[in-house]
Novice: 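Have a look at the structure that comes next, please.
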2 protein chains.
Amino acid sequence: MPADQTPDPSGGDKISFRDVKAEIRRRIERRIWGPGDLVPGEIDLAEDFGCARATVNRAMRELTEEGLLERKRKAGTRVRAMPLRQARFEIPLVRAEITAMGAAYHYALLSTQTVPAPDWLRDRLGLRAGARALHLRCLHSADGRPYQFEDRWINLQALPQAETADFALQGPNEWLVQAVPYSEVEISFLAAAATVDVAAALGIEPGEPTFTAERTTWWQSRAITHVRLSFARGYRMTTRY
Amino acid sequence: MPADQTPDPSGGDKISFRDVKAEIRRRIERRIWGPGDLVPGEIDLAEDFGCARATVNRAMRELTEEGLLERKRKAGTRVRAMPLRQARFEIPLVRAEITAMGAAYHYALLSTQTVPAPDWLRDRLGLRAGARALHLRCLHSADGRPYQFEDRWINLQALPQAETADFALQGPNEWLVQAVPYSEVEISFLAAAATVDVAAALGIEPGEPTFTAERTTWWQSRAITHVRLSFARGYRMTTRY
DNA sequence: CTGTTTCATATGTATAGACCTAAGCAGAAT
DNA sequence: ATTCTGCTTAGGTCTATACATATGAAACAG
């Protein structure tokens, strides 16, 4: 995780929790406190740094959150023997992703269909037999070139208003965000061979490796939607930390 | 992000920042505070909830961190119109990943070679012409089945001790973690067609879609290592939030 | 009408003090 | 030796208070 973005308030005289974080980081990087070592308690550090315990506490709490420290009551705080490598990916809406690249965003609805949910979908979303689902296929383009193919299923039991919504102009993702405020999500990434229709939509060869994301969304324990996103050739999901 | 893991301290009488978080979450989910709305100030909320401002502050700070709120001084706090979808992936060592599945971990070093860094690598790591690099190829297996093929390059200028290290028993990843404490990382995920040697190592067909991670690591602005990890057929990287 | 200054205000953070709680440890009881 | 019991300790959190800082908005100047 990058350093905090607030500018260095080094003019100030009081010690900030940021200063404490930075100093602890430094001591870990320089191996002054080696992996697995027990670090001094909050009270001692507060005294060393000339600040309140709460300040040290916040610094250490955040460093723990970032994977550098391990804390346990009574046992004290230790430098993680093996720093937790964690990456955070922002999952923007396609529109935002494309316009952020400075490209023109274009959306097209390829097909809509209300059908009985297939078995694998019923299984995935926990629907009863015979449940109906809305099946959408869309294409998102950047500067006229296919960027992402969206294959979406919406649970009509949970979201009946989806059946009458118009997805010709607004993508289902954007419609859903305004229809369902906040939700539990399971997302996975995988490499898949392009199926015939994915290949046709993206303008690639069937069987080509395709970076794919699958996302299932629940709201208050009810499955709302399942989507499979297939990205154009050469797509990379990148982050720094 | 999942709810905090600490057990509900509902026996307590004082209001916890967790309670405040949960209640604010509820109000957002139930649309009591709709997207884009300005929410009451910390002082008002503290009064409402019957707790100190610091408690409300922590609750709102964390919700902001989690992408549900937007805060600006003087302007106040708003519900994010479009909640920031962010996923955090833990990048465990392969060993941990495999043993966590309950499978037996096995590591094999396929080849080691000290060579002049190829152009693409020099470019990637910012090395000068003629710089030497250590090139390793390894296979990580789960219950005897290939799981991940590792194609790693180590900058010998930055880490000369790598040349004499023994990677026959310990994987380069684990060696590096103990050699370089904490580092800046760029990681990307992509779908690639298996090259001949990747396919041979993983026991798949050349050209098969392969989930691939590429990671470059710096320490104090010096490039340390670049690695390309190719995962076995069917691999998925999954998370919930 | 536009650029500048001032002011009020919401958030951001530091502090001292208090109490809670998990958990390591030691000594007692079995 | 093993289990139980309490003491002690380090972190976890809340409170009340104070000051810092960014910034929207209003007052003001050109």
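Lettering of chains follows the sequences in order, A, B, ..., and the numbering in each one begins at 1. Below, all heavy atoms of this structure are taken into account, side chains as well, without hydrogens, waters or symmetry copies.
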Novice: Looking at E23(A) and R26(A), is any side-chain nitrogen of the basic one under 4.0 Å from a carboxylate oxygen of the acidic one?
Specialist: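 Yes, charged N to carboxylate O under 4.0 Å.
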
Novice: Does T77(A) have a side-chain nitrogen or oxygen under 4.0 Å from the phosphate oxygens OP1 or OP2 of dA10(D)?
Specialist: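 Answer is no, no contact under 4.0 Å.
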
Novice: Return the value, rounded to whole Å, for the distance between atom CE of M60(B) and atom P of dA10(C).
Specialist: 11 Å

Novice: Do R95(A) and Y105(A) form a cation-pi contact, if we require the NZ or CZ to be under 6.0 Å from the six-membered ring centre and within 45 degrees of the ring's axis?
Specialist: no

Novice: For the residue pair F231(A) and F149(A), is the inter-centroid distance of their aromatic rings smaller than 6.0 Å?
Specialist: no

Novice: Measure the distance from CD on E70(B) to C1' on dT11(C) and round it to the nearest whole Å.
Specialist: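 So the two atoms are 14 Å apart, to the nearest Å.
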
Novice: One thing to verify: whether E214(B) and R152(B) come together as a salt bridge, which I'm taking to mean a side-chain N less than 4.0 angstrom from a carboxylate O.
Specialist: no

Novice: Could you tell me if R228(A) sits above the aromatic ring of W153(A), with its cationic atom closer than 6.0 Å to the ring centre and no more than 45 degrees from the axis?
Specialist: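 No.
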
Novice: Between atom CZ in R61(B) and atom P in dC14(D), what is the gap in whole Å?
Specialist: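 Answer to the nearest Å: 11 Å.
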
Novice: Identify whether the distance between the nearest side-chain nitrogen and carboxylate oxygen of E62(B) and K21(B) falls below 4.0 Å.
Specialist: yes

Novice: Output the residues of residues 41-49 of chain A in contact with DNA chain C, where contact means a heavy atom of the residue under 4.0 Å from an atom of the strand; sort by number or write none.
Specialist: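 Heavy-atom contacts with DNA chain C come from no residue of residues 41-49 of chain A; none.
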
Novice: Expressed as a whole number of angstroms, how long is the span from R73(A):CZ to dG24(C):P?
Specialist: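 Going from CZ in R73(A) over to P in dG24(C) covers 12 Å.
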
Novice: Determine: side-chain N/O of T55(B) to OP1/OP2 of dT13(D), distance under 4.0 Å, yes or no.
Specialist: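 Checking T55(B) against dT13(D): no side-chain N or O falls below 4.0 Å of OP1 or OP2.
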
Novice: Consider the side chain of K72(B), meaning its heavy atoms from C-beta on, and name the nucleotide among dG12(D), dA22(C), dG24(D) that approaches it most closely.
Specialist: dG24(D)

Novice: Rounded to the Å, how far apart are N57(B) CG and dT17(D) P?
Specialist: 17 Å

Novice: R71(A) has a side chain; which of dA8(C), dT15(C), dG12(D) sits nearest to it?
Specialist: dG12(D)

Novice: K74(A) NZ to dC20(C) P: how many Å, rounded?
Specialist: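 About 19 Å, once rounded to whole Å.
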
Novice: Hey, which sits more toward the 5' end of DNA chain C by its nearest nucleotide, V39(B) or A54(B)?
Specialist: V39(B)

Novice: May I have the distance from L69(A) (atom CG) to dA10(D) (atom C1'), rounded to whole angstrom?
Specialist: 14 Å

Novice: Quickly work out the R53(A) CZ to dA14(C) P distance and round it to whole Å.
Specialist: 15 Å

Novice: Answer yes or no: is there an ion pair linking R78(B) with E70(B), defined by an N-O contact shorter than 4.0 Å?
Specialist: no

Novice: Which comes earlier along DNA chain D counting from the 5' end, the contact point of G50(B) or that of P40(A), where each point is its nearest nucleotide?
Specialist: P40(A)

